[in-house]
Amino acid sequence: MRRARRALDLAADAIVDGAPRIPVRDLATLRRQFPGLGPEELADKLVAGAVKGTSTVGAGVGAASMLPVPPAMPAELAGEIIGVALIEIKLLAELHEVYGLRPPGTAMQRANAFVTVWASDGGRKAERAKGVHSMLGGELAKQLRQQVLKRLIRNLPVLIPFLVGAAAGAIMNRRDTHRLAERVRADLRPRQLPWGALPSAEDGDLTAVPLQGGAVPLEGGTVRGERALEA
């Protein structure tokens with residue numbers, strides 16, 4: 001039991017540590033990359049990209065070796081859970097950009113806020129979230145560990161041989177990402193701010209600190225640097 005608890009703590013810590021290094025695109029960048037799209041169309045694009053990423057996220061030893069791997073979990077499964085979490089956290093952050101509802105605070109504070117939203121399966125509002133400190137036994141840290149455990153149990157089929165489990169894992173990841181995105185979008189839509197009412201990109205810090213030498217498993221392999229979590 002103690003070893004399992006330690007494994008969950010380490011997986012939660014890997015997610016918390018990785019979240020501030022996700023290269024979140026601000027609204028101006030997203031509109032340049034997807035010209036001519038309105039908020040809902042742009043959000044659809046982001047969800048589609050995240051779903052593709054979580055459906056095909058690499059679970060191999062090569063990808064997992066680039067991440068902090070809890071010793072009580074198989075390397076492949078730990079790498080997948082952490083990689084999927086970071087892709088989904090990026091999606092949450094960029095959906096908040098699209099709907100004009102970026103939470104206040106520094107990049108680190110926003111990253112922690114989106115970790116809490118992810119840990120609650122979209123049930124918490126980012127602007128009300130507090131910092132996450134796994135290993136400290138707080139309520140949010142407990143919730144994060146529970147979310148990791150839930151993903152671990154759901155994704156156990158990825159260990160089934162002959163790729164049957166991999167296919168099942170892709171289906172579950174796709175379903176979970178869609179469900180999370182729809183829950184968050186349903187919360188954001190009624191509070192959406194028009195793009196014309198938002199401050200310009202020059203008015204402040206808009207993005208999280210990009211990945212620096214880290215890697216996230218994506219689409220069957222390891223991608224280094226700022227491209228790691230691009231949709």
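Scope of the values below: all heavy atoms of this structure, side chains included, with no hydrogens, waters or symmetry mates. Since this is a predicted model, take the numbers as computed values, not measurements.
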Does the side chain of [X] reach to within under 4.5 Å of the side chain of [Y], using non-hydrogen atoms?
X: Leu92; Y: Leu180; value: yes
X: Arg110; Y: His96; value: no
X: Val24; Y: Phe114; value: no
X: Ile87; Y: Leu91; value: no
X: Val184; Y: Val117; value: yes

What heavy-atom pair brings [X] and [Y] nearest, and what distance separates the two atoms?
X: Arg145; Y: Ala12; value: CG-CB, 4.3 Å
X: Trp118; Y: Ala85; value: CZ2-CB, 3.6 Å
X: Ala126; Y: Ala113; value: O-CB, 3.4 Å
X: Pro39; Y: Val98; value: O-CG1, 3.3 Å
X: Ala19; Y: Leu86; value: N-CD2, 3.9 Å

Handout entry: Test: Arg191 and Asp187 ion pair at under 4.0 Å
Key =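 So Arg191 pairs with Asp187 through a salt bridge.
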Problem - Salt-bridge contact Arg185-Asp44 (side-chain N to carboxylate O under 4.0 Å) - result: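 So Arg185 pairs with Asp44 through a salt bridge.
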Main-chain N/O of [Y] paired to [X] side chain as donor or acceptor, under 3.5 Å:
X: Arg183; Y: Asp121; answer: yes
X: Arg25; Y: Glu94; answer: no
X: Ser55; Y: Lys52; answer: no

Exercise for the section: Measure the CG-CG distance between Leu101 and Leu193 for me, rounded to the nearest 0.5 Å. Expected result: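 These two atoms lie 5.0 Å from each other.
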Problem - Leu27 side, atom CG; Arg102 side, atom CZ - distance, nearest 0.5 Å - result: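 Separation between the atoms: 8.5 Å.
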Exercise for the section: Given side-chain contact (heavy atoms from CB on, under 4.5 Å), test Asp176 with Thr54 step by step and report yes or no. Expected result: CA-CA 9 Å; Asp176 291 342; Thr54 59; over 6 Å; no
Exercise for the section: Could you point out which residue of Gln147, Gln143, Gln146 forms a side-chain contact (heavy atoms from CB on, under 4.5 Å) with Ser120? Expected result: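 Among Gln147, Gln143, Gln146, the one that satisfies the side-chain contact (heavy atoms from CB on, under 4.5 Å) with Ser120 is Gln143.
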Exercise for the section: Treat each ILVMFWY residue as a node, draw an edge where side-chain heavy atoms are under 4.5 Å apart, and state whether Leu144 and Met108 are in one component. Expected result: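 Each belongs to a different hydrophobic cluster.
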